[in-house]
Each structure stands twice: as structure tokens, then as C-alpha cells.
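Have a look at the structure below before the remarks.
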Amino acid sequence: MLEHVELFFRSIFIDNMIFATFLGMCSYLAVSKKVTTAVGLGAAVIFVLAVTVPLNWLLDQYLLRDGALTWLGPEYADYNLSFLSFILFIATIATMVQLVEIVVEKFSPALYNSLGIFLPLIAVNCAILGGSLFMQSRDIQSLGLAFNYGLSSGIGWFLAILAIAAIREKIRYSNVPPPLRGLGITFIITGLMGIGFQSFGGMLTGGDDAAPAEGTTAGVPTNNEDATAETKVFLTRDDDPISKENAAKLGTTASEPANLSENAKQETEITKDLFNKEKEVSYHEAINK
Amino acid sequence: MSDKRLTFKKRLHIIKHHYRGKKMAPAFNALHTFLFTPDETTHSGSHVRAADDLKRTMNTVIMALIPVLLFSMFNAGYQYYAAIDAANGTVRELSVLGNFLTWDNFWIGIIKVLPLVIVSYGVGLLVEFIFAVIKGHEVEEGYLVTGMLVPLIVPIDTPLWMLAVAVIFGVIIGKEVFGGTGMNILNPALTIRAFLFFAYPTWMSGDKVWVHNAVDLAGTPDAISGETILGSLAQGDVYSYSISDMFFGFIPGSVGETSTFLILLGGLFLIFSKIASWRIMLSAVIGSLVMGLIFNGVVDQGWIGDTSKFYGLMSFPFWEHLIVGGLAFGIVYMATDPVTGAQTNRGKWFYGFFIGFMSVMIRVFNPAYPEGVFLAILLMNVFAPTIDHYVIRGNIKRRLKRLKNATILPKDSEGEEKELQVETA
């Protein structure tokens with residue numbers, strides 16, 4: 001029960017889709033001109049997330065992950081289909097979005113019209129796919145938790161778009177400098193709202209029994225370990241001086257196994273080398289010319 | 001004497017007319033109206049001339065802030081000498097006239113606090129003047145209060161260049177891009193504080209920054225402590241301040257946030273002069289008390305052991321949250337900002353309540369920010385338009401219902417009602 005509550009609040013406020021991971025920005029920026037429309041889209045995102053994340057959890061658990069096919073028979077134990085994650089997840093999402101579209105068109109034509117192209121575009125809303133991929137990389141343990149995660153991530157996204165829509169309705173009468181009108185000021189507002197949401201950053205990590213859920217070092221034994229490592233480093237904000245200092249102060253480890261961050265470091269070094277080489281090559285080419 | 005003033009006024013007047021319609025006009029106009037009453041009358045239309053214009057509103061808030069500023073200048077010195085005494089092993093007994101209101105203390109205040117005020121005003125007003133000249137509108141008075149609030153909510157040893165950078169950021173991104181005074185969505189003073197906090201965390205948090213010179217002396221034999229009460233609590237340490245010390249403000253902290261007593265007086269003055277909303281203040285106090293009571297209840301029930309990281313702050317008596325840290329200052333001077341707060345009466349209750357609630361929650365649950373008040377207020381600034389939106393929507397709905405239930409309606413009202421519904425949908 002406690003883990004449900006923690007996951008719920010964590011995904012709404014601390015790991016908010018918009019302000020912590022900046023996912024789903026396109027529809028967030030484009031459909032936030034009016035509160036009513038924003039509420040409609042937000043509700044659609046909540047619904048799609050709450051349905052697709054548990055569905056994809058089932059797919060991941062019984063089809064995709066390493067050894068997931070054992071239920072077919074012992075000879076399938078070695079199969080690891082997780083390279084199919086992206087395509088299967090997105091297929092599920094696209095199906096669900098199509099369903100939502102049909103339902104919305106049938107029951108609320110006004111909302112359907114005001115959402116316009118952005119309703120089918122939920123299918124490629126990064127927040128939706130992001131929800132499923134985070135579910136996979138955070139190794140969420142049960143179907144109930146997966147549902148909880150999808151629902152609460154959706155609510156977090158909903159809150160964000162609701163707040164910005166109200167703000168944009170309020171600043172409609174503001175004397176914003178002409179070059180900034182429209183998207184420009186919206187980006188600035190999003191940044192300022194992000195500062196407000198910073199109040200939750202690092203919350204809950206200092207407790208005695210509240211071990212952070214994402215700190216499960218076991219991880220998913222996928223074949224793209226580097227990718228998982230990278231996301232984890234990103235999620236735990238390894239380079240955040242505040243959390244580091246704070247962790248040092250509190251005597252807790254920063255919930256970040258050393259090898260993971262090293263992995264990421266190596267990777268960045270490799271990319272740096274590649275980048276330098278590329279630079280050199282182009283430099284030589286330029287000289288030769 | 002009076003001759004001289006008259007000539008100065010006259011000279012300004014001439015300059016003003018000389019520059020009328022030119023680019024620099026707003027700058028001279030601002031100077032003129034700041035120092036003297038303008039001699040112009042309106043030429044067209046009917047106007048209501050109210051006594052409580054923007055300038056007077058701002059000046060009232062500044063008047064409420066002056067005692068806090070003076071106290072903070074004395075307290076800066078007092079904390080400095082008290083910390084030195086503590087490092088030497090002696091306890092400095094407080095006597096208000098004996099060792100608090102002394103020239104030595106005040107001198108520390110002059111060399112440390114006054115530059116903060118001057119830089120804040122200088123840089124901020126410069127940005128305002130530049131924007132007024134570029135955009136061709138009058139200089140707005142909005143920065144007068146912000147410029148006074150900023151030095152009061154930063155640690156005393158904040159480097160002046162840092163403050164200048166933050167002020168430029170806060171005034172431009174927090175206010176001017178929205179069109180200036182009255183149109184911003186986040187409180188500019190808190191935006192400046194948040195910028196400082198996230199850009200230079202080592203200067204804004206920890207146990208050294210709250211007392212003058214503690215950072216420089218760290219690591220030397222003369223090292224002094226500058227820990228605040230909340231910082232001690234977050235680490236489970238004990239502190240040695242009595243309730244009256246906390247209430248009257250003889251404790252370390254941000255420059256002007258310590259004296260709850262003077263802040264209370266300022267708050268009463270603001271309520272009395274109807275500048276600030278009592279609804280927000282009252283509901284914020286209620287919100288923080290409720291959250292504090294919940295935490296105390298958790299401790300009383302034994303749900304959390306005294307080994308927990310949260311024990312120190314959770315077991316802190318609920319009402320004492322109001323007299324330590326910046327909660328009182330935030331509630332009285334920041335949350336009541338009429339621009340960024342909720343505008344509707346019902347909305348103000350929600351807005352204030354959540355500020356108090358979230359402040360105490362962030363204090364306890366977020367060990368990275370023992371001082372969460374400014375973040376709580378910023379967060380509620382973000383949600384204030386949403387609260388207003390739904391309060392207004394609710395009002396419309398209620399009135400529509402009343403309209404429907406009214407018996408004396410003319411017969412053709414149904415069409416009107418439909419129109420209204422279409423409008424509100």
C-alpha cells in the first residue's frame with residue numbers, strides 16, 4: 001500500500017513528465033491556449049497512459065524481457081525479445097489512441113473538433129511512449145503498480161497543462177513584447193513553472209525506510225544496458241550538486257551504483273573521441289581542399 | 001532652501017518638457033514623479049483619481065519593511081559577535097540595550113546589508129529604466145518593493161555581483177518579458193531568490209552562509225558556526241535558542257526573515273491599510289499549522305522512529321514552524337503579492353492554505369531545502385490562475401443555476417440562458 005502511495009505522488013510531482021523529464025512538450029505547448037481544451041487533452045492523455053502502461057507491462061512481462069517466454073515451455077527460456085520493445089509498445093499505443101479517438105468523436109464532437117490533429121498525435125506524444133519505457137527501465141513490479149504509474153504520470157501531465165493553460169489565459173491581456181508572443185513566452189513560462197516544481201526535487205530520498213524506487217540496481221537484464229544506464233543517470237540527476245551534497249550530508253549513498261555512472265562516463269568519453277575524430281577529419285578535408 | 005528646491009523642480013520640469021516625445025522621456029518623467037507631484041492634469045475624458053495609486057501602495061509596503069530592515073542590520077552584527085563568542089567557548093547573553101542595539105552591530109549591518117540594498121535597487125531600477133526607454137512607456141513603480149524584498153531574503157554574505165546577476169535575470173525573465181509590473185506570473189523577488197538558489201547553491205544553503213564572515217573563517221582556527229535552527233533540526237542537532245529569541249528574531253537566518261515580531265507588526269499594518277489580503281495570511285497560517293499538526297500526530301502515534309531523518313523536523317512543535325525560518329516573512333510579504341497571488345476571495349483561501357501546507361511539507365520532507373517557503377510560494381503562484389479559473393467557473397455555474405430557479409424570469413430567457421451556456425462552455 002505504502003509503495004502505491006509513494007509511487008503515486010512521486011510520479012505526479014517529483015518525476016513530473018513535463019517538469020522533470022520534459023516529455024510531451026509539443027502538445028503541451030500547442031494545445032494550452034484554452035483551459036477547456038487543455039482539460040480535454042489532459043484527460044485523454046491520462047486515459048491513454050493508464051491503459052497503455054499496464055498493457056505494455058503485460059507485453060514486457062510475458063513476451064519481451066529476457067526469459068519472459070518461459071511460460072511457453074522450458075525450451076523458450078533463452079529468448080530475449082526486448083529489442084522489439086519500441087515497436088510493440090508504439091503499436092499498442094497507436095491502437096489505444098485510435099480507440100480513444102473513436103470514443104471522443106462519438107461522445108464529444110465539440111472536444112473532438114477543438115483537439116483537432118492533436119488527438120491522433122497523442123500516439124506520438126513522447127510522454128506516452130516515455131511512460132511505457134520508464135515503466136520498463138524502472139522495473140515496475142506488478143500490474144497494479146504499472147497501472148498506478150501510468151495513471152499518476154498522466155495526472156502529473158494533466159496538472160502541468162492545466163496550470164499553463166490557466167496562465168496563458170491570464171496573460172492574454174499582458175503586454176508581452178511582440179517577438180515573444182505565442183510560443184516564446186510559453187517556453188519562458190514553462191521554465192519558470194519548472195522552477196516552481198523544483199520544490200519537489202530530491203524529496204523523499206532522505207528517509208530511513210523510503211528507499212527510492214528507482215534505485216533498484218538489479219535493473220532489467222536487457223541487451224541494451226548502456227541505454228538503461230543512461231536513463232538512470234539522467235533520472236537520478238547524478239550531477240546535481242544539491243542532491244550530492246545533501247546525500248553526503250545525510251550519509252546515504254546517492255542511490256546510484258558506481259558502475260552505472262562509470263558506464264555512462266565511458267560512453268560520453270567514447271562519443272567525445274568520435275566527435276573529435278570527426279572534427280579532425282573535417283579539418284583535414286578543409287586543408288586538402 | 002525652499003528656493004533651491006523650487007528651482008530644482010523647475011529645472012526638472014523644463015527638462016521634461018524638452019524631452020517630451022523623445023526616447024529618454026520616460027526616464028525623466030520617472031525622476032520627476034518620484035520626487036515631486038506631477039503638475040499635469042488630464043486633458044480628456046473623466047477620470048477617477050484615487051489616493052491609493054501604485055506608488056502609494058508600494059510605499060506602504062516599504063514602510064512596513066523598514067523596521068524589519070533596521071532590525072536585520074543590528075541582528076547581522078549581533079549574530080556575528082555571538083558566533084565569535086560561541087567559537088571561543090563563551091555564551092553571549094542577550095541584552096537588548098547592552099549588546100544588541102550597539103554601534104558595533106549596526107556597523108556590520110551598514111557594511112553588509114546596505115550594499116545589498118543599494119545593488120538591488122541600483123541594478124533593478126537600471127533594468128527598469130532601460131526597458132521603459134526601449135519600450136517607450138513610463139517607468140513603473142513595481143520594482144520599489146521587489147528591490148527592498150530581495151536583500152532581505154538572501155544570506156548576508158551573498159556576493160554583490162551574484163545579486164546583480166540574479167536581479168537582472170529576475171527583472172527581465174520574471175517580469176519584463178511579460179510586459180512589466182502587474183503582468184508577471186511569478187513573484188519577481190522570489191524568482192531572484194530561486195535563481196540564486198539553483199545557480200549558486202553553495203552560497204545559498206548549508207551551515208555557513210547565514211552569519212557574516214562564517215564562510216571565510218571556515219577551516220581556520222577562528223571558524224564560527226552559522227547554522228540556522230531549521231538546518232540544525234534537519235540534521236538532528238540540538239539548538240540553543242529560546243522561544244522568545246525565535247519570536248523576536250535574535251537568531252541566524254536570511255537577512256530580514258528572523259524577527260517574527262516585527263514581521264507581525266508589518267503584517268498588521270498592511271492589513272490595516274488594506275494593502276495585503278488578510279485572507280491569504282490567515283489561510284497560510286492555518287495551512288502551516290495543519291501540516292505541522294499532522295506531522296506532530298505522526299510522531300505521537302509512533303509511526304516514525306527517532307532514528308528517522310525526518311524525526312527532528314517532524315517532532316518540532318507545530319506552531320513554532322511559524323516563528324523560525326522565512327515562513328512568517330513569506331506569508332506576510334511574498335504570498336500576499338496582489339499580482340501573482342489568487343485574485344478571487346474564495347481562491348485566496350485555497351491559495352494561502354496550500355502555501356502554508358506546502359511550506360511545512362517541503363521543510364520536513366525535502367532535506368535538500370530546509371527552507372522551502374519560497375519554493376512553495378512559487379509553486380502556488382504557478383497554480384494561482386488555475387484556482388482563479390475554477391472559482392470563477394464555479395461562480396458562473398452557481399449564478400446560472402440561480403437564474404434557472406428564479407421564478408420571475410421573463411419568458412424569453414431561455415434563449416439568453418443558452419447563449420450564456422454557450423459562452424461559458
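Each chain gets a letter, A, B and so on, in the order the sequences are listed, and its residues count up from 1. Bear in mind the structure is a predicted one, so any value in this text is a computation, not a measurement. Because only heavy atoms are used, hydrogens play no part in the values below, and waters and symmetry mates are left out as well, while side chains stay in.
Contact annotation for A/I167: both backbone and side-chain heavy atoms come within less than 4.5 Å of a heavy atom of chain B. At a 4.5 Å heavy-atom cutoff, the contact between B/N184 and chain A is made by backbone atoms alone. In this structure, chain B has no heavy atom under 4.5 Å from any part of A/I164. For B/E176, the part lying under 4.5 angstrom from a heavy atom of chain A is the backbone only. Within the 4.5 angstrom heavy-atom criterion, no atom of B/M380 approaches chain A. Using a 4.5 Å cut-off between heavy atoms, A/L162 contacts chain B through both its backbone and its side chain. Using a 4.5 Å cut-off between heavy atoms, B/I173 contacts chain A through both its backbone and its side chain. With a 4.5 angstrom heavy-atom cutoff, A/I195 touches chain B via backbone and side-chain atoms both.
Shortest non-hydrogen contact noted between B/G179 and A/P177 is N-CD, 4.5 Å. Looking at every heavy atom in both residues, A/Y173 comes nearest to B/M183 through O-CE, 4.3 Å. Residues B/T386 and A/A163 share a closest heavy-atom pair of OG1-CA, 3.4 Å. Across all non-hydrogen atoms, the minimal contact from B/P385 to A/A166 is C-CB, 3.6 Å. Scanning all heavy atoms of the two residues, the minimum distance from B/K135 to A/N175 falls at NZ-O, 4.2 Å. Contact between A/Q198 and B/F198 at its shortest, heavy atoms only, is CB-CZ, 3.3 Å.
Considering only heavy atoms from C-beta on, B/L379 comes within 4.5 Å of A/F200 through its side chain.
Between chain B and the residues A/I189, A/I188, A/I185, the largest count of heavy-atom pairs under 4.5 Å involves A/I185.
Of residues 187-196 of chain B, those residues lying under 4.5 Å from chain A by any heavy-atom pair are B/T191, B/A194.
Residue B/F383 qualifies as enclosed at atom CZ: its count of foreign heavy atoms under 6.0 Å is above 12.
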Checking side-chain contact (heavy atoms from CB on, under 4.5 Å) for the pair A/K170/B/F178: CA distance, chi angles, key distance, verdict? CA-CA 11 Å; A/K170 183 185 173 189; B/F178 293 97; over 6 Å; no
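We find the CD-CD1 distance between A/E169 and B/I392 to be 9.5 Å, quoted to the nearest 0.5 Å.
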